[in-house]
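A quick write-up on the structure given underneath.
So that the names make sense, note that chain A is the first sequence line, chain B the second, and so on, each numbered from 1. From a predicted model like this one, the values you see are computed outputs, not experimental measurements.
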Protein chains: 2
Amino acid sequence: MDKRELILKAALILFNTYGFESTPTARITKEAGVATGTLFNYFKSKEELINVLYLTCKESLTRHLSLGLEQETTFRSKLKKIYINYIGWSLDHTDEFLFFQQFCNASCIGETTRKEGLSKFNNIIELIAEGIEQEIIKNVNLDYMSNLLMSILNANTYYFIDNPSLAANDAFLETSFSFLWDSIKK
Amino acid sequence: MDKRELILKAALILFNTYGFESTPTARITKEAGVATGTLFNYFKSKEELINVLYLTCKESLTRHLSLGLEQETTFRSKLKKIYINYIGWSLDHTDEFLFFQQFCNASCIGETTRKEGLSKFNNIIELIAEGIEQEIIKNVNLDYMSNLLMSILNANTYYFIDNPSLAANDAFLETSFSFLWDSIKK
DNA sequence: ATGCAAAATGACTAAACGGTCAATATTATT
DNA sequence: AATAATATTGACCGTTTAGTCATTTTGCAT
């Protein structure tokens, strides 16, 4: 297997478990089964490594979020599709989801990386803006609405990760979505 | 001023800004204006320092949450009182609130400390349980409901911290509370 | 087989860290 | 004023860290 991939995979799990500063590069390379120097052949520094990891995760997530979105017709069904996609991706990529939660606001992630990551959510922000304009959801500041949505979404996702069997339960999926929808609908 | 207090105060801000691992004890003592050894006279280790900080913050918060709660009669008004108290405390103790958000799940906080901290929320959890029993709010798992509530509460609090002038606006306070209430009410 | 470029290695280094402790300063007691 | 008790200090130490680089191994073209 590609040694770069092995390093990224080991780093993902170790960063999740011990945090960025408490994970020595020597530990990462040991876990990946490569020499200490190899990490620095592929990444300029430990910081570059975690930034690459961050963007890789975010790309994987955003790619999945829009899947099948064009088939939905109403605002609610579009939002629910994104909701289902988000939870589905998180269950399939638990380590990536948890990494993301832990490091999305960490100072080891550079400002450039963070901005690049945020831009990938633009189409979803636009959808929310439409919902406000069409008076389907409450009329508040777009930033406020986005952050609130993400908070509820993440809270629900954590619950599905702790109880993965529930994800196959359409009734509970709808119930959990109702917490989000009832909160924002007009 | 008490040197112990100076150390706690400096640590709070530095941990917020740079994180636990990226804040050398030497930096804390320098900022506090005391010698490096002084920190270890008051705290056995850097870890004990952050655990004390955690419990201090949590105590201050929970003391304020129940203020005036006995005067409220309905479930909704009780919850709103807690809501207002939480946001009020967070605005008055922004550093403590942010510290809390960053470190409530961090591994540097010991299991004992975390459990001690959680127990302080017991009366609020009980209130939520009553709301479920009395069929005022949706009937779901108590843990799920608690986590969801905290998520919405924190999302709203962040917004008030970014826009402190809104906290004096009763209409917006009610609007923001409606995001929480509409989400959970039956 | 041979030569060669690219990839991988791990012993090594300079810097930074948490924590110690003997010495010093401050405060309280008589 | 003398003494004892307590609080404070910062030079110092052993350990750990990210990152380097001369050397070795690998894979491929001829």
For [X], enumerate each residue passing the side chain to side chain donor-acceptor pair (under 3.5 Å) test, keeping only those at least two apart in sequence or located in another chain.
X       : result
Y158(A) : none
W181(B) : none
E174(B) : R76(B), K80(B)

Residue pairs fulfilling salt bridge (Lys or Arg N to Asp or Glu O under 4.0 Å) with at least one residue in residues 62-73 of chain B, sequence neighbours excluded: none
Is N51(B) close to F43(B) at the side-chain level, that is, under 4.5 Å between some pair of heavy atoms? no
Taking DNA chain C as the partner, which of residues 6-30 of chain B come within under 4.0 angstrom of it by heavy atom?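 Hits under 4.0 Å, by residue number: T23(B), P24(B), T25(B).
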Check this for me, if you would: do D95(B) and K9(B) make a salt bridge, where the nitrogen-to-carboxylate-oxygen distance has to be below 4.0 angstrom? no
With respect to the side chain of T38(B), which nucleotide from dT9(D), dG18(C), dA8(C) is positioned closest? dT9(D)
Checking dG19(D), dG19(C), dG10(D) against the side chain of A35(B) (C-beta onward), the nearest is dG10(D)
What is the separation between atom [atom1] on [X] and atom [atom2] on [N], rounded to the nearest whole Å?
X      : N       : atom1 : atom2 : answer
E47(A) : dT17(D) : CD    : C1'   : 14 Å
L49(A) : dA18(D) : CG    : P     : 11 Å
R4(B)  : dT6(D)  : CZ    : P     : 19 Å
L39(B) : dA7(D)  : CG    : C1'   : 15 Å
E48(B) : dG18(C) : CD    : P     : 15 Å

I'd like to check the salt bridge (Lys or Arg N to Asp or Glu O under 4.0 Å) partners of E59(A); sequence neighbours left out, ordered by chain and number.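 In terms of salt bridge (Lys or Arg N to Asp or Glu O under 4.0 Å), with neighbours along the sequence ignored, E59(A) is linked to K120(A).
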Select base, sugar-phosphate, or nothing to describe what Y42(B) touches, counting heavy atoms under 4.0 Å on all strands.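 The answer is sugar-phosphate, as Y42(B) gets under 4.0 Å only of primed atoms, P, OP1 or OP2.
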Atom pairs under 3.5 Å, N or O on each side, protein against nucleotides 22-28 of chain C: can you list them with distances?
none

Treating primed atoms plus P, OP1 and OP2 as sugar-phosphate and everything else as base, which nucleotides of nucleotides 20-28 of chain D get B, S or - for protein heavy atoms under 4.0 Å? B--------
Once side chain to side chain donor-acceptor pair (under 3.5 Å) is applied, what residue pairs with a partner in residues 25-35 of chain B remain, sequence neighbours excluded?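 Residue pairs passing side chain to side chain donor-acceptor pair (under 3.5 Å), neighbours aside: Y18(B)-R27(B).
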Applied to residues 146-156 of chain B, the side chain to side chain donor-acceptor pair (under 3.5 Å) test, sequence neighbours excluded, yields Y144(A)-N156(B), Y83(B)-N156(B), Y86(B)-N154(B), Q101(B)-N154(B)
Under the side chain to side chain contact (heavy atoms under 4.5 Å, CB included) test, which residues partner T56(A), sequence neighbours left out? V52(A)
State which residues pass side chain to side chain contact (heavy atoms under 4.5 Å, CB included) with E116(A); sequence neighbours excluded, sorted by chain then number.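 Residues passing side chain to side chain contact (heavy atoms under 4.5 Å, CB included) with E116(A): L55(A).
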